[in-house]
Number of protein chains: 4
Amino acid sequence: MTQVFDGNIPIYLQIMDLIKKQMISKELLPGQKLSSVRDMSKQLEVNPNTVQRAYVEMEREMLVYTKRGQGTFIVNEPEVVLKLRQEMVLDRVAKFVREMEEFGFSHDELLKIIERHLSE
Amino acid sequence: MTQVFDGNIPIYLQIMDLIKKQMISKELLPGQKLSSVRDMSKQLEVNPNTVQRAYVEMEREMLVYTKRGQGTFIVNEPEVVLKLRQEMVLDRVAKFVREMEEFGFSHDELLKIIERHLSE
Amino acid sequence: MTQVFDGNIPIYLQIMDLIKKQMISKELLPGQKLSSVRDMSKQLEVNPNTVQRAYVEMEREMLVYTKRGQGTFIVNEPEVVLKLRQEMVLDRVAKFVREMEEFGFSHDELLKIIERHLSE
Amino acid sequence: MTQVFDGNIPIYLQIMDLIKKQMISKELLPGQKLSSVRDMSKQLEVNPNTVQRAYVEMEREMLVYTKRGQGTFIVNEPEVVLKLRQEMVLDRVAKFVREMEEFGFSHDELLKIIERHLSE
DNA sequence: GTGGTCTAGACCACA
DNA sequence: GTGGTCTAGACCACT
């Protein structure tokens with residue numbers, strides 16, 4: 001599975017998103033080491049600087065921390081990941097529902113649409 | 001309510017999205033005239049060139065057409081709007097479901113989350 | 001006067017410092033435009049990215065703001081600059097006094113040393 | 001009191017500075033043995049290589065010398081320490097005065113600022 | 001012309 | 001090997 005990026009959104013943001021999703025889905029656990037900047041850049045076929053930027057930005061968001069010369073790690077507090085999960089899910093659901101309302105769907109219609117989509 | 005744009009996505013794309021939503025929700029009807037580039041740019045507090053670009057792109061997508069000296073108009077065929085609606089809804093639903101799956105939610109959980117959100 | 005940087009401190013931090021000093025000494029006034037990234041990079045004989053980083057970092061510190069396509073500007077509130085001035089002066093003085101105390105100087109000696117230095 | 005380092009300046013330089021200050025304030029006397037690399041690295045929570053590098057640099061500056069199997073020692077000549085003291089004081093004072101001038105302070109203002117700071 | 005992002009690749013401090 | 005910084009230079013969105 002090669003990673004493909006949306007050309008209209010900065011790649012470093014998409015990398016941050018990718019890692020956040022892995023934190024939420026428990027592919028990445030608290031305290032676990034992230035791939036090194038170099039490895040990640042090869043995996044994603046992206047410049048090391050771009051990965052670096054994603055890591056720095058996530059460190060600023062207190063989701064990861066860096067040990068000089070050792071690597072970058074998911075923060076140790078599971079609460080942080082839980083909070084992230086809540087925030088991201090809420091954000092996505094709210095945005096989705098708002099958009100569907102803007103399209104003129106009632107809540108019932110919305111649920112039916114999703115159910116139909118899931119059953120396919 | 002002033003329009004606020006996401007700094008990480010090209011503004012012309014966000015303007016296109018805005019207009020498409022208005023077409024779908026019937027705030028903009030087939031054949032109706034869009035605000036002039038100048039007016040729209042003032043409303044959105046955006047450079048006229050940016051609005052212009054959004055209009056041109058939408059013309060390329062055959063959603064609007066331009067009459068010299070008169071302005072830009074939504075295409076007259078209602079089917080086009082219907083098709084747009086289907087496409088955008090499908091796109092949004094598919095994207096939303098995919099993301100929720102990436103978060104590790106089952107389909108049942110997903111439905112429950114939405115129901116809970118709607119009932120608030 | 002060519003700018004020379006201390007090899008042991010990141011250049012972008014030294015550029016930030018430079019600009020802050022100019023804000024404090026009123027070479028740069030609230031609302032004033034900074035040199036463009038490219039111009040500044042030529043003036044300082046430094047890569048544009050390095051200047052860019054300094055600007056972004058200062059934007060995060062709310063000392064400057066950016067208008068897309070127009071440039072980077074000192075924030076308009078003079079209070080911010082005053083606060084910066086207070087902070088930086090206090091920081092420098094406190095650090096200096098602390099160091100001189102660590103060297104074993106009394107306050108009287110410290111004052112004499114400075115007076116002698118100033119009169120040279 | 002745990003030692004905390006400024007992440008933007010090489011740690012070995014900060015360690016050198018620390019030792020020099022101790023020499024100047026006579027916490028470390030001519031001929032006295034420095035903590036072993038291993039002990040020092042534990043105290044400072046730093047990699048032994050980093051301490052080692054600080055020691056080597058200081059040996060190059062002729063401020064310490066190493067006896068094989070016995071450890072690292074402050075040089076025996078008190079004049080060296082005196083000279084170091086003069087140099088560091090001059091350096092700090094000059095740098096401080098220069099910075100305050102860059103901030104736009106006159107010599108009088110500078111003295112007043114320090115006096116006010118000392119009297120607090 | 002202006003900032004924002006990205007690539008390709010280098011050198012450094014640190015473990 | 002690992003992150004942090006920097007250069008050289010490109011392309012893009014926006015004014």
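Below, read A as the first sequence line, B as the second, and so on, with proteins coming before strands; counting in each chain starts at 1.
- The shortest distance between side-chain heavy atoms of C:Asn76 and C:Tyr65 falls below 4.5 Å.
- Each of A:Tyr12 and C:Val37 was assigned the nucleotide of DNA chain E with the nearest heavy atom; the assignment lying further toward the 5' end belongs to C:Val37.
- The two residues C:Tyr55 and C:Leu34 make their nearest non-hydrogen contact at OH-CB, 3.7 Å.
- When all heavy atoms of D:Leu44 and D:Phe5 are compared, the closest pair comes out as O-CE1, 3.9 Å.
- Only one option out of B:Val64, B:Val75, B:Ile74 pairs with B:Val80 in a side chain to side chain contact (heavy atoms under 4.5 Å, CB included); it is B:Val75.
- Partners of A:Lys26 under the salt bridge (charged side-chain N to carboxylate O under 4.0 Å, His left out) rule, at least two apart in sequence or in another chain, do not exist in this structure.
- In this entry the distance linking CD1 of C:Ile11 with P of E:dC12 reads 13 Å, nearest Å.
- Atoms CZ (D:Phe5) and C1' (E:dC14) sit 13 Å apart, rounded to a whole Å.
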Output field dot_bracket for DNA chain F (Watson-Crick or G-U, both distances under 3.5 Å, | for other-strand pairs) contains ||||||||||||||.
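- The CD1-P distance, from D:Ile15 to E:dA13, rounds to 13 Å in whole Å.
- Where A:Pro10 and C:Gly71 meet DNA chain E, the nucleotide closest to each residue was compared, and C:Gly71 sits on the side nearer the 5' end.
- At a threshold of 4.0 angstrom between heavy atoms, the contacts of C:Arg38 include nucleobase atoms, whether or not backbone atoms are also involved.
- The shortest non-hydrogen separation linking B:Glu102 to A:Ser25 is O-CB, 3.3 Å.
- At least one donor-acceptor pair under 3.5 Å links the side chain of B:Gln14 to the backbone N or O of B:Asp6.
- Put simply, chain A comes within 4.0 Å of DNA chain F, heavy atom to any atom, from F:dG1 to F:dC6, going 5' to 3'.
- Results of the side chain to side chain contact (heavy atoms under 4.5 Å, CB included) test with C:Met23 over C:Arg85, C:Met58, C:Met88 single out C:Met58 as the only residue that passes.
- Both B:Asn47 and C:Arg53 lie close to DNA chain F; mapped to their nearest nucleotides by heavy-atom distance, the more 5′-ward contact belongs to C:Arg53.
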